Amino acid sequence: LHLSGYHDSSVLAPLSESCPRLGFAHPLGSFPPEGPPLATGLTWCCGGSSEEAARAATELALLLGGRPLHLREADGAKARYHAAASLVAGGSAALLHLAEQLAAEAVDDPTALRAGLTDLLASMLENARAHGPVAALTGPAARGDEAVVEGHLATMDPATAAVYRALLEPMRAMAAERGAGAGPPSEPGAAERY
């Protein structure tokens with residue numbers, strides 16, 4: 001087994017003669033640069049070139065207190081999975097960084113700002129885990145409040161505004177999907193809070 005998030009079991013092909021059971025087990029988690037011990041309770045992307053390899057990856061995930069996520073055997077499946085993981089983890093970190101920079105001049109305490117923004121992110125994640133991302137969507141794009149959206153854009157430097165504009169289209173599409181009755185309703189009044 002290898003632990004790469006991006007590569008499938010084919011990268012181990014040179015070993016196939018001596019070991020025909022080739023697979024992967026990738027921990028789906030965020031690890032700080034200092035590299036802590038492998039965390040328990042994570043989802044693990046599991047798969048391989050044989051049922052035995054995939055079973056071994058699953059057993060490893062379970063042994064480490066994790067939840068196996070079995071990947072389909074299809075071209076590009078591992079790359080799509082890893083791109084999704086990178087979009088969530090790296091994208092969230094980048095958005096948090098941009099948000100801190102945007103609000104830095106408006107607050108006295110950057111530590112309190114980070115705590116507030118990460119609490120907001122955590123509450124969105126709890127809602128998304130329970131009801132899905134469409135129900136967790138909140139803010140002016142979710143409400144169709146274009147005056148507030150324009151007000152936001154007016155406060156941003158061009159690079160941050162470009163990121164915000166790029167996210168408006170999927171946020172508006174999600175709001176339209178929710179308006180069509182997709183998913184359970186979010187907590188009453190939640191969208192009006194921010």
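Quick caveat: nothing in here was measured; it's all calculated off a predicted structure.
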Within one Ile-Leu-Val-Met-Phe-Trp-Tyr cluster: [X] and [Y], side-chain cutoff 4.5 Å:
X    : Y    : answer
L102 : V149 : yes
L117 : V88  : no
Y81  : L1   : no
Y164 : M174 : yes
F31  : L60  : yes

Can you see which heavy atom on [X] is nearest to which on [Y], and at what distance?
X    : Y    : value
A135 : N127 : O-ND2, 3.7 Å
L42  : P27  : CD1-CB, 4.0 Å
P68  : L62  : CD-CD2, 3.8 Å
A141 : A175 : O-CB, 3.9 Å
A136 : A128 : CB-N, 3.7 Å

Give the C-alpha distance, both sets of side-chain angles, the deciding distance and a yes or no for side-chain contact (heavy atoms from CB on, under 4.5 Å) between S4 and F24.
-> CA-CA 7 Å; S4 167; F24 54 84; over 6 Å; no
D109 atom CG, over 12 foreign heavy atoms within 6.0 Å | yes
Counting only N and O atoms by type, is there a donor-acceptor contact under 3.5 Å from the side chain of [X] to the main-chain atoms of [Y]?
X   : Y   : value
T43 : L28 : no
K78 : L71 : no
R21 : A53 : no
R67 : W44 : no

Does the side chain of T138 reach to within under 4.5 Å of the side chain of M124, using non-hydrogen atoms?
-> no
If I take atom [atom1] from residue [X] and atom [atom2] from residue [Y], how far apart are they, to the nearest 0.5 angstrom?
X    : Y    : atom1 : atom2 : result
T155 : E105 : OG1   : CD    : 10.5 Å
H97  : R114 : NE2   : CZ    : 9.5 Å
T160 : L98  : OG1   : CG    : 4.5 Å
L167 : L95  : CG    : CG    : 6.0 Å
T118 : E100 : OG1   : CD    : 8.5 Å
L137 : R172 : CG    : CZ    : 11.5 Å

Are V148 and H152 close enough, and set up right, to give a side-chain contact (heavy atoms from CB on, under 4.5 Å), and what steps lead you there?
-> CA-CA 6 Å; V148 172; H152 287 174; 3.4 Å; yes
